[in-house]
Amino acid sequence: MRQRAPSGALVSQPVEITSTTVQCGDIIQVGGRACRVSNLFQLPQGAKQLLFESGELLTIHTRTRLLAVRMLRRR
């Protein structure tokens with residue numbers, strides 16, 4: 001029998017992200033390290049620059065596709 005997660009519990013869900021769907025808090029694996037997005041900066045032509053909690057930057061363009069883990073609050 002499966003137990004239900006308590007109300008308000010956090011659940012991680014893998015999602016494909018692009019420059020239009022990336023959100024602060026997404027966790028992206030880069031070079032074998034998990035990096036959490038702390039801020040986003042819009043660049044020309046739909047690109048975005050991601051600032052990770054570690055201080056590193058990653059620029060993704062409109063055709064970039066990455067897998068990320070997104071934490072969702074389950075009601």
Side-chain angles (χ1 to χ4, degrees):
M1 178 185 261
R2 290 175 76 168
Q3 294 182 348
R4 293 183 136 195
S7 180
L10 290 176
V11 177
S12 64
Q13 176 181 357
V15 292
E16 182 180 87
I17 61 167
T18 65
S19 63
T20 57
T21 62
V22 65
Q23 297 177 5
C24 287
D26 286 348
I27 301 169
I28 303 168
Q29 190 159 352
V30 180
R33 287 184 44 213
C35 301
R36 184 183 303 268
V37 178
S38 65
N39 208 348
L40 303 166
F41 302 99
Q42 184 68 49
L43 298 176
Q45 301 175 357
K48 283 203 179 141
Q49 191 171 54
L50 313 180
L51 174 64
F52 296 119
E53 288 179 344
S54 63
E56 297 167 306
L57 294 170
L58 175 68
T59 301
I60 59 174
H61 301 277
T62 55
R63 292 188 179 183
T64 303
R65 303 269 186 263
L66 299 170
L67 285 179
V69 174
R70 186 170 288 164
M71 302 302 286
L72 302 174
R73 186 165 301 276
R74 176 129 316 153
R75 296 179 183 191

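- For the pair Phe52 and Cys35, the tightest heavy-atom approach, listed with the atom from each and the gap, is CD2-CB, 3.4 Å.
- Residues Ile60 and Ile28 fail the side-chain proximity criterion, which asks for heavy atoms closer than 4.5 Å.
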Residue pair Leu58, Leu66: steps toward the side-chain contact (heavy atoms from CB on, under 4.5 Å) verdict: CA-CA 12 Å; Leu58 175 68; Leu66 299 170; 4.3 Å; yes

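- Expressed to the nearest 0.5 Å, how far OG of Ser19 lies from CD of Gln49 amounts to 13.0 Å.
- To the nearest 0.5 Å, atoms CD (Glu56) and CG (Leu51) are separated by 9.5 Å.
- In the hydrophobic clustering of ILVMFWY residues, with side-chain heavy atoms under 4.5 Å counting as a link, Val22 and Val69 come out apart.
- In the hydrophobic clustering of this structure, Val15 groups with Val30; members are Ile, Leu, Val, Met, Phe, Trp, Tyr whose side-chain heavy atoms approach within less than 4.5 Å, directly or through other members.
- Here the NZ-OG1 distance, from Lys48 to Thr59, works out to 12.5 Å after rounding to the nearest 0.5 Å.
- In the displayed structure, Gln42 atom CD is contacted under 6.0 Å by more than 12 heavy atoms of other residues, nucleotides or ligands.
- Nearest approach of Arg36 to Gly25, heavy atoms of both residues: NH1-O, 3.4 Å.
- Interatomic distance, CZ of Arg63 versus OG1 of Thr18, reported as 13.0 Å (0.5 Å rounding).
- At least one side-chain heavy atom of Leu50 sits less than 4.5 Å from a side-chain heavy atom of Leu40.
- Note: Thr21 OG1 to Glu16 CD = 7.5 Å, rounded to the nearest 0.5 Å.
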